Amino acid sequence: MNNRQTDSLNLVERKTSYQQLFEYGIRHKTPFMMAIMSAFIFAFLKFLIPQVSRYAIDVLIPQKQFQLLPLLAVGILCFYVLFGLFNSLRVYLINFFAQKVINSIRTDLYNHIQNLSTGFFVHNRTGNLMSYLVRDVDAVGNLFSSHLAELVIDIASILVLIVYMLTMDWQLAILVIVTWPLIVYIMRLSKNKLEVAYRELETQAAEVSNILQDTISTIQAIKSFGNEKYEIDRFAECSHNYMDSNLRAIRRWSLVSPILNILNNLSSILVLVFGSWEVMLGRLTIGELTTFLMYVNIITKPFERFNGLIDIIQKAMVGAERIFEVLALEPEIKEKEDAINLKLVRGRLKFEGIEFGYEANQTIIHSLNLDIQPGMKVALVGSSGAGKSTIAKLAARFYDPQKGRVLIDDYDLRDISLKSLREHIGIVSQENLLLYGTVRDNIAYGKLDASDEEIEAAAKAAYAHDFIMELPNGYNSIIGERGVKLSGGQKQRIAIARVLLKNPEFVILDEATSALDTESERMIQQSVATMLEKRTSLIIAHRLSTIQNADLIVVLEKGKVVETGTHNDLILAGGRYASFTTVEC
Ligand SMILES: Nc1ncnc2c1ncn2[C@@H]1O[C@H](COP(=O)(O)OP(=O)(O)OP(=O)(O)O)[C@@H](O)[C@H]1O
Ligand SMILES: [Mg+2]
């Protein structure tokens, strides 16, 4: 995780991951308690079944109670039915609990990520965020739905069984216990070997998902360079490494597993041999020996389970660490507790002594002072990297300046609630304009409760209605992740329709330099003009006509204002702007 200057980790008050996981568990204590109860009943039934066998062998058989045999069969059958029933109930309830917990974690995480500032997304790879939300949450979920809850019961039932076995025949019980240190020793040895293999496996898995994420989202670039083969080879190598790590881990596990199995059965063998000896000497009944063997079988199960659990716990804790690290991030842009809900706005936008840099010790915008009166159109002009988009981001409060203030009417942006601020601003930029969904949904994003008539009116005003009607399903046509089926100009007109529907007092237009097809050029010009009408606007456009009509043109160079004036003023002055326009024309 990238540690940013302001989206900072709140280390002081951070609880451990265990504590936080526990708190999530506590939130859903009812299903947890129910799961534990059903698991207890299940364990109790498991304990009873060998007792029935013992009764049959030691009492019914010697007494030749033929008439009780059918009853015995029915009795045992009933036991197994109950056993199965409680087993299903236990499995369902534990998973129900686990799903509740991971649903809470996942929604909290998504909620938190939604509220983090833009800076966070610039600094974190999408692949990583996806892996927090999917892989890590799942890893934590596995822990909750695994045998963790049973571990509590396992420990309790082992204790009960040991006490029972000790009272029944302490010598035999000790034979069982002496094999444990050996099992634990081998388990620890194998755990270390496996851990290395699993860690390697995780790294490779992350790499595969990162490559997938990166290449699928930049498929256009890959194709435009004809680099498909290169990417296929790169992926094939990565996938091969992942396969190798998988196989390595499986090989190690396949070696360890039979050894553990033999060790687990060692106690059974010991009990069988020495138990038979004792039966022959008449110190133990056959029924007691059978019961003993069954209990030994029950007792060794938790060891096998625990072995699997170590791996799940390790993976879950790595996931939990990463999740809670994100949850502990404080949003860079925070709302004040008593933030003002701005209802009516006149439309003045003022930059007052702004100094700003994205990182500490860096200044991108130098002492910016700009007073934009209601309804005024201001164009920002300057070479690439001059800071135009940065000023737009400051106006929408995606970042806060280090010095100075940005004001709407007479309110500092930091005093206004983010929701109300964004309600009054419409932004059109060329990147990531559209969301996956229909054209209608995309326009309605500006006003979620808009009627079909309003949507259509907005589309008409943005000169988008005609081409929308030509799409296969009109307003119901699905546009892809980035609107791949539309031209740049068409996407922009839909984005403008969205802003028109929203009807904000302020408009920010940040166009990319990409050339637009000439067909839509005129349409866009008109559509942009409609959008800017009667609104305070900040325009970063590359179209001379849009800039020319601005009330004020601000020329920037390396984050400093070098010239201001109208088109005519600046042309007459013959400075930077005049040279720009001659180059562009
Ligand atoms: N998120 C960011 N983090 C750090 N630096 C950034 C970030 N975004 C932009 N910059 C830097 O800030 C400077 C100004 O960038 P800005 O995007 O404002 O330029 P611009 O004038 O909009 O350029 P263009 O015309 O190419 O869009 C550039 O040097 C850029 O490298
Ligand atoms: Mg820009």
Side-chain angles (χ1 to χ4, degrees), residues 1-8 113 116-126 128-129 217 221 329 331-333 349 351 354-370 372 377-404 406 413 425-433 482 488 491-492 495-496 506-516 524 528 537-544 546-547 550 552-564 570 575-577 579-581 583-585:
M1 157 106 356
N2 213 306
N3 198 353
R4 290 211 64 240
Q5 46 159 350
T6 36
D7 262 353
S8 54
I113 290 180
L116 284 175
S117 321
T118 26
F120 171 79
F121 299 95
V122 174
H123 286 81
N124 284 286
R125 282 175 86 180
T126 317
N128 283 345
L129 295 180
S217 58
L329 286 176
E332 183 180 350
I333 301 295
L349 177 65
F351 294 88
I354 304 284
E355 300 277 333
F356 174 76
Y358 289 97
E359 312 289 338
N361 317 321
Q362 169 215 42
T363 313
I364 299 278
I365 302 295
H366 302 268
S367 51
L368 174 72
N369 287 297
L370 206 57
I372 309 174
K377 292 169 199 23
V378 174
L380 299 177
V381 177
S383 48
S384 184
K388 305 180 294 292
S389 300
T390 307
I391 292 177
K393 286 178 206 160
L394 288 170
R397 204 186 168 207
F398 289 128
Y399 295 91
D400 279 334
Q402 273 88 28
K403 272 198 205 137
V406 184
L413 293 194
I425 300 183
I427 302 169
V428 176
S429 68
Q430 187 101 61
E431 292 163 67
N432 296 330
L433 288 180
R482 293 172 183 197
K491 279 190 264 181
Q492 195 173 14
I496 289 176
F506 298 93
V507 166
I508 296 172
L509 171 71
D510 189 354
E511 278 185 336
T513 356
S514 70
L516 296 166
I524 290 168
V528 165
S537 8
L538 212 50
I539 311 154
I540 306 164
H542 300 271
R543 208 171 300 109
L544 196 60
T546 314
I547 302 168
L552 182 74
I553 296 168
V554 177
V555 183
L556 288 163
E557 214 168 280
K558 293 193 180 127
K560 287 198 185 91
V561 176
V562 289
E563 277 178 335
T564 51
L570 293 174
R576 288 291 293 155
Y577 180 76
S579 60
F580 264 136
T581 42
V583 170
E584 281 191 13
C585 290

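Computed from a predicted structure; not experimentally measured. Atoms within each ligand, like the ligands themselves, are counted from 1 in listed order.
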*Asks:* Short N/O distance, under 3.5 Å, between S389 and ligand 1?
*Replies:* yes
*Asks:* Which is closest to atom 20 (P) of ligand 1 in terms of heavy atoms, G385, G559, A392, G357?
*Replies:* G385
*Asks:* Using every non-hydrogen atom in the two residues, find where P331 and S117 come nearest and quote the distance to one decimal.
*Replies:* C-OG, 3.8 Å
*Asks:* Against ligand 1, does F356 come closer than 4.0 Å with any heavy atom?
*Replies:* no
*Asks:* V378 and side chain to side chain contact (heavy atoms under 4.5 Å, CB included): which partner among L349, V554, I540, I553?
*Replies:* V554
*Asks:* Out of I365, T390, L380, whose heavy atom sits nearest atom 16 (P) of ligand 1?
*Replies:* T390
*Asks:* Let's go through I391 and L556 carefully: what are the C-alpha distance in whole Å and the side-chain angles of both, what is the deciding distance for side-chain contact (heavy atoms from CB on, under 4.5 Å) to 0.1 Å, and is it a yes or a no?
*Replies:* CA-CA 10 Å; I391 292 177; L556 288 163; 3.6 Å; yes
*Asks:* For I425 and A395, work out which heavy atoms get closest and say how close.
*Replies:* CD1-O, 3.6 Å
*Asks:* Look at the side chain of E563 and the backbone N and O of L570, then say whether any donor-acceptor pair between them is shorter than 3.5 Å.
*Replies:* no
*Asks:* For residues T390 and Y399, is any side-chain donor paired with an opposing acceptor at under 3.5 Å?
*Replies:* no
*Asks:* Give a yes/no answer: is there an N/O/S atom of S384 under 2.8 Å from the Mg ion (ligand 2)?
*Replies:* no
*Asks:* Find all atoms of ligand 1 within a distance of less than 4.0 Å from any non-hydrogen atom belonging to Y399, and give their numbers and elements.
*Replies:* 1 (N)
*Asks:* Measuring from non-hydrogen atoms of G382 to any atom of ligand 1, is the shortest distance under 4.0 Å?
*Replies:* no
*Asks:* Going by the order shown, which atoms of ligand 1 are within less than 4.0 Å of some heavy atom of A386?
*Replies:* 19 (O), 21 (O)
*Asks:* Which of the numbered atoms in ligand 1 are under 4.0 angstrom from any heavy atom belonging to K388?
*Replies:* 18 (O), 20 (P), 21 (O), 22 (O), 23 (O), 24 (P), 25 (O)
*Asks:* Please confirm whether the backbone N or O of G382 pairs with a side-chain atom of K388, one donor and one acceptor, at under 3.5 Å?
*Replies:* yes
*Asks:* Which bit of I364 gets closer than 4.0 Å to ligand 1, counting heavy atoms only: side chain, backbone, both or neither?
*Replies:* side chain
